> 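Pasting in a structure now, in structure tokens, and then I'll have a few things to ask.
Just so you know, these numbers come straight off a predicted model, no measurement behind them.
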Amino acid sequence: MKAKITATAKYLPKRTLTNSDLEKMIETSDEWIKSRTGIEKRHLVGEGEATSDMGKEVALKLLKKSGKSANEIDLILVATSTPDYPVVSTAALIQDKIGAKNAWGYDIVAACTGFVYAMETGAKLVESGKYKNVIVIGADTMSSIIDYTDRNTCVIFGDGGGGVLLEPSNNDCGILDSILYADGSGHQYLTVPAGGSLHPASKDTVKKGMHYVYQDGKTVFKFAVKNMADVSKQILDNNNLSGKDLKLFIPHQANKRIIDAAAKRCELNDDQVLINVNKYGNTTAGTIPIALDDAVEENILEKNDLLLLAAFGGGFTWGSMLIKWA
């Protein structure tokens, strides 16, 4: 048995932050941001809006598109690095907000690779035969952990989320293969230093700005370029495929230069690569499911098309997934 995607959805908050807006906040320029990242604008949550609120909207759209009722959902998996609370899972909050009384769920923390990790988890639970309707969501409220005086990070990240409904497949369509990696030795290069058990919140951690994202940009860029490109090529090789066999490549939308490097490694044409980082920025675990819903809305994917997902994130984490579209 395979797990297949039967519905996709996304949610972007109404408020936007353009490069022109950032020019008024920090020493930067539209040209500088676009040349280094490809980003033109990003979405930000409104007052009182949190990750579970975005996830709720994604889940409700999935129910509407699939024709399922909330009571038919067995499991909710949420990939996020920005939960509403440290203890209560975002999945549990979404479960309550949509009234999925028969579902259980939990959060998965793998930064920008989180959605691929969650997809692998959800697929295996569907393949077990025990679960028939699994919602997988990737969503992050990055504005809650970004220092908008830090040019190295505030130009990159945005808020948003997306998700899919996974169901059993009765043919050869669905998730075909995946490769996932983690290397905790790179944890210090992309992290939020405080707020966990190592450095609990205190006046000192707040004063030092330790609750904001810290990124060693050069180191992260180097690792991301190599590992996302390598894992993309590896999954094609493992399945005796080449870039020409793919209909679409959806990479994590962190930086256009990283995306271009991975596409080049797989010998892909421009029309095989979905890029929307210019519109949304880096929404962390949200980038791939948002892009996937964009592809569906644009009617890019047809039955039996081969789709490749790939991501790299803090931790370090990285991975790829090969899907035959249902």
Side-chain angles (χ1 to χ4, degrees), residues 1-11 45 49-141 144 159-169 174-175 178 180 182 196 283-290 292-293 309 311 313 315 317 319 321:
M1 184 187 294
K2 290 184 175 65
K4 66 178 180 180
I5 296 170
T6 58
T8 65
K10 66 176 176 290
Y11 174 80
V45 295
E49 190 175 22
T51 302
S52 70
D53 297 309
M54 296 193 293
K56 177 197 72 174
E57 295 299 328
V58 171
L60 290 175
K61 289 180 181 180
L62 290 172
L63 294 177
K64 183 176 181 180
K65 287 183 176 182
S66 66
K68 302 285 184 184
S69 71
N71 286 337
E72 292 179 271
I73 302 304
D74 303 310
L75 172 64
I76 300 172
L77 299 174
V78 179
T80 187
S81 298
T82 55
D84 292 26
Y85 303 104
V87 175
V88 180
S89 76
T90 311
L93 297 174
I94 294 170
Q95 179 262 356
D96 178 57
K97 288 180 178 184
I98 68 171
K101 298 185 182 299
N102 297 317
W104 62 286
Y106 56 94
D107 293 357
I108 293 174
V109 182
C112 302
T113 317
F115 182 74
V116 181
Y117 270 43
M119 282 282 283
E120 170 74 352
T121 307
K124 294 308 176 187
L125 289 168
V126 169
E127 290 170 14
S128 74
K130 188 173 182 179
Y131 305 101
K132 294 182 179 180
N133 297 298
V134 176
I135 287 179
V136 181
I137 293 171
D140 271 299
T141 309
S144 66
D159 301 336
V164 303
L165 178 66
L166 293 179
E167 297 185 64
S169 174
I175 297 171
S178 63
L180 300 171
T283 55
T284 313
T287 67
I288 289 178
I290 289 171
L292 183 56
D293 188 60
L309 312 179
T317 61
M321 178 168 281

> Let me confirm one number: the CD-CD1 distance from Glu72 to Ile135, rounded to the nearest 0.5 Å.
10.5 Å

> Which distance, rounded to the nearest 0.5 Å, do you find between the CG of Asp140 and the SG of Cys112?
8.0 Å

> Any heavy-atom pair between the side chains of Ile73 and Leu165 that's under 4.5 Å?
yes

> Between Asp159 and Val45 (side chain of the first, backbone of the second, donor and acceptor by atom type, cut-off under 3.5 Å), is there such a pair?
yes

> For Ala111 and Ala285, which heavy atoms make the closest approach, and how far apart are they?
O-CB, 3.8 Å

> Specify the closest pair of heavy atoms between Lys4 and Pro168, including all atoms of both residues, with the distance to one decimal.
CE-O, 3.5 Å

> side-chain contact (heavy atoms from CB on, under 4.5 Å), that's the test. Do Ile98 and Ile76 meet it? Break it down for me.
CA-CA 11 Å; Ile98 68 171; Ile76 300 172; 4.2 Å; yes

> Shortest non-hydrogen contact from Ser69 to Leu63?
O-CD2, 3.9 Å

> Check whether more than 12 heavy atoms from other residues, nucleotides or ligands sit under 6.0 Å from atom OH of Tyr106, and answer yes or no.
yes

> Can you see which heavy atom on Val116 is nearest to which on Ala311, and at what distance?
CG2-CB, 4.2 Å

> Do Thr141 side-chain atoms and Thr51 backbone N/O form a donor-acceptor pair below 3.5 Å?
yes

> Using a 4.5 Å cut-off on heavy atoms from C-beta on, say whether the side chain of Thr283 contacts that of Met54.
no

> Test your reading of the model: is there a side-chain donor-acceptor pair from Lys61 to the backbone of Lys10, 3.5 Å cut-off?
yes

> Pair Glu120, Ile108 - check side-chain contact (heavy atoms from CB on, under 4.5 Å), show working.
CA-CA 11 Å; Glu120 170 74 352; Ile108 293 174; over 6 Å; no

> Testing the basics here: between Pro289 and Gly162, what is the closest heavy-atom pair and its distance to 0.1 Å?
CB-C, 3.3 Å

> Show me the donor-acceptor pairs within less than 3.5 Å that the side chains of residues 90-97 make with the rest of the protein, sequence neighbours left out.
{"residue": "Thr90", "atom": "OG1", "partner": "Asp107", "partner atom": "OD2", "Å": "3.0"}
{"residue": "Gln95", "atom": "NE2", "partner": "Ala100", "partner atom": "O", "Å": "2.9"}
{"residue": "Lys97", "atom": "NZ", "partner": "Ser52", "partner atom": "OG", "Å": "2.7"}
{"residue": "Lys97", "atom": "NZ", "partner": "Asp53", "partner atom": "OD1", "Å": "2.8"}

> Looking at side-chain heavy atoms only, is the closest gap between Glu49 and Glu57 below 4.5 Å?
no

> Do Met119 and Leu166 have side-chain heavy atoms sitting under 4.5 Å apart?
yes

> If you compare all heavy atoms of Thr82 against all heavy atoms of Ala139, which two are closest, and at what distance to 0.1 Å?
OG1-O, 4.4 Å

> Can you tell if the side chain of Lys2 reaches within under 4.5 Å of the side chain of Ile175, non-hydrogen atoms only?
no

> Does one side chain, of Thr6 or Ser66, offer a donor that lies under 3.5 Å from an acceptor on the other?
no

> Would you mind reporting whether Lys101 and Asn71 have side-chain heavy atoms less than 4.5 Å apart?
yes

> For Phe115, run the side chain to side chain contact (heavy atoms under 4.5 Å, CB included) check against Val164, Thr80, Val78, Leu77 and tell me which one passes.
Val164

> Is the count of non-hydrogen atoms from other residues, nucleotides or ligands lying under 6.0 Å from Lys132 atom NZ greater than 12?
no

> Is any side-chain heavy atom of Lys130 less than 4.5 Å from a side-chain heavy atom of Leu125?
no

